[in-house]
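Report on the following structure.
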Amino acid sequence: MYFSNISFGQYIPTGSFIHKLDPRAKLFSLLIIVSFIFPAKNFVQVCLWTAILAGVVYVSKISWLALLKAARPVFFLIAFAFIFNIISGYFRNELIQSFFIGLFTSMRLFVLMLFAVILPLTTTPLELSDGLDNLLRPLEKIKFPAHECAMMIGMALRFIPLLMHETDKIIRAQLSRGARLDQGNLFQKIKSFFPVLIPLFIIIFRRADEIATAMEARGYDGGEGRTRRRPLIWKFKDTLVILISVLISVIIFFS
């Protein structure tokens, strides 16, 4: 099945309404939503945001399994936030209160992260790069390297899935040779992962050299005067999505 090997940052072409939106509209909407999820004060607001998330997932035609697979790297952060609250509550003799605080914090972080993960799943790295480039363009007046920054983010999103795939291949190769990557204490586990990290770093530098060679061969010399094969076109539906995002965020914030 297509969703079986989904990784963080990987684009899933389902052709949904969200896929067809202007990347700038999606970035604006995500910024609005994240800004209102952070100050959420109670479980009711988090549950409402979860319902909105479910609606977005439905409209994007991306399965929950694919979304959760893509969000695997952030699960550690969510678990750490929950465990940290439990431990701090234990030392303050407020274990029950800390449990609910940790649960609320983890749920809020979980919803926030999934909203963020949906963006690269529904937007190609090139679209994201062009959208960021366009949004950051005004900062060039203060000598901010807008195009270079947007290009680096786009390249990172493009190569994160590839590097995760390479890591999985190296781990499988080490396990087939009898390596015990999941045994021993913490320091032994860290030491056992050096045979994975060394070839991974070699692959990273090799790919970086290939990219540099390709860019030089194509005469790349920065973003000035660069044209786009598919220019970004702002449509009414993009404005409508931003207005809906603002409206929903305000309603939930005051609920």
Side-chain angles (χ1 to χ4, degrees), residues 8-9 18 21-60 62 64 66-89 92 94-123 125 127-129 131-136 138-139 144 146 149-150 152-154 156-157 160 238-255:
F8 180 79
I18 295 179
L21 289 173
D22 190 289
R24 294 168 293 181
K26 286 185 270 190
L27 287 166
F28 265 123
S29 298
L30 178 62
L31 179 62
I32 293 167
I33 289 171
V34 168
S35 299
F36 279 88
I37 291 178
F38 264 117
K41 302 182 290 292
N42 51 57
F43 281 101
V44 174
Q45 292 182 348
V46 175
C47 290
L48 289 174
W49 278 119
T50 304
I52 298 300
L53 173 66
V56 173
V57 174
Y58 176 78
V59 174
S60 67
I62 295 175
W64 278 97
L67 180 61
L68 294 175
K69 280 180 176 291
R72 281 178 298 180
V74 305
F75 288 160
F76 174 79
L77 179 62
I78 296 171
F80 176 79
F82 179 75
I83 294 171
F84 179 80
N85 278 278
I86 294 296
I87 294 175
S88 63
R92 297 197 315 266
E94 299 175 353
L95 189 59
I96 296 177
Q97 181 181 0
S98 296
F99 172 80
F100 285 105
I101 293 175
L103 182 63
F104 172 74
T105 303
S106 300
M107 288 178 60
R108 182 174 58 182
L109 189 60
F110 178 74
V111 174
L112 189 150
M113 291 295 185
L114 289 188
F115 269 115
V117 169
I118 288 176
L119 180 63
L121 294 182
T122 58
T123 315
E127 289 175 339
L128 272 178
S129 178
L132 283 170
D133 186 12
N134 188 274
L135 292 176
L136 296 175
L139 296 178
F144 181 81
C149 181
M152 286 190 296
I153 294 174
L157 289 172
I160 284 175
D238 300 310
T239 304
L240 185 62
V241 166
I242 291 179
L243 293 176
I244 292 174
S245 300
V246 173
L247 180 62
I248 291 175
S249 299
V250 172
I251 292 173
I252 295 178
F253 181 76
F254 289 103
S255 63

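- Remark: I251 engages L247 in a side-chain contact (heavy atoms from CB on, under 4.5 Å) (not counting sequence neighbours).
- Counting only residues at least two apart or on different chains, no side-chain hydrogen bond (donor to acceptor under 3.5 Å, both in side chains) pair has a member in residues 102-111.
- For I118, the side-chain contact (heavy atoms from CB on, under 4.5 Å) criterion is met by L53, V56, V57, L67, T122, not counting sequence neighbours.
- Under the rule for a side-chain contact (heavy atoms from CB on, under 4.5 Å), the partners of T50 that lie at least two apart in sequence or sit in another chain are V46, V111.
- Here the closest heavy-atom approach between residue F115 and residue I37 is recorded as CD1-CD1, 3.6 Å.
- The list of side-chain hydrogen bond (donor to acceptor under 3.5 Å, both in side chains) pairs with a residue in residues 22-48, not counting sequence neighbours, reads D22-R24, R24-N134, K26-T123, S29-S245.
- By the side-chain contact (heavy atoms from CB on, under 4.5 Å) test, L240 is found to be paired with F236, I244, residues two or more places apart in sequence or in another chain being considered.
- Remark: F82 engages F99 in a ring pair (Phe, Tyr, Trp, His ring centres under 6.0 Å) (not counting sequence neighbours).
- D238 is linked by a side-chain hydrogen bond (donor to acceptor under 3.5 Å, both in side chains) to nothing, counting only residues two or more places apart in sequence or in another chain.
- Within the model, atoms CD1 of I83 and CD1 of I78 stand 12.0 Å from one another, a figure rounded to the nearest 0.5 Å.
- Considering all non-hydrogen atoms of both residues, G131 and L27 come closest at C-CD1, 4.1 Å.
- Heavy-atom contacts from other residues, nucleotides or ligands closer than 6.0 Å to CZ of F75 number more than 12.
- Applying the ring pair (Phe, Tyr, Trp, His ring centres under 6.0 Å) rule to F80 yields no partners; only residues at least two apart in sequence or on another chain are considered.
- Here the CG atom belonging to D133 is positioned 12.0 Å from the CG atom belonging to L128, to the nearest 0.5 angstrom.
- Applying the ring pair (Phe, Tyr, Trp, His ring centres under 6.0 Å) definition to pairs two or more places apart or across chains, those involving residues 25-52 are F36-F253, F43-F104.
- With rounding to the nearest 0.5 Å, the separation of CD1 in I62 from CD1 in I18 is 7.5 Å.
- Partners of S98 under the side-chain hydrogen bond (donor to acceptor under 3.5 Å, both in side chains) rule, at least two apart in sequence or in another chain, are R92.
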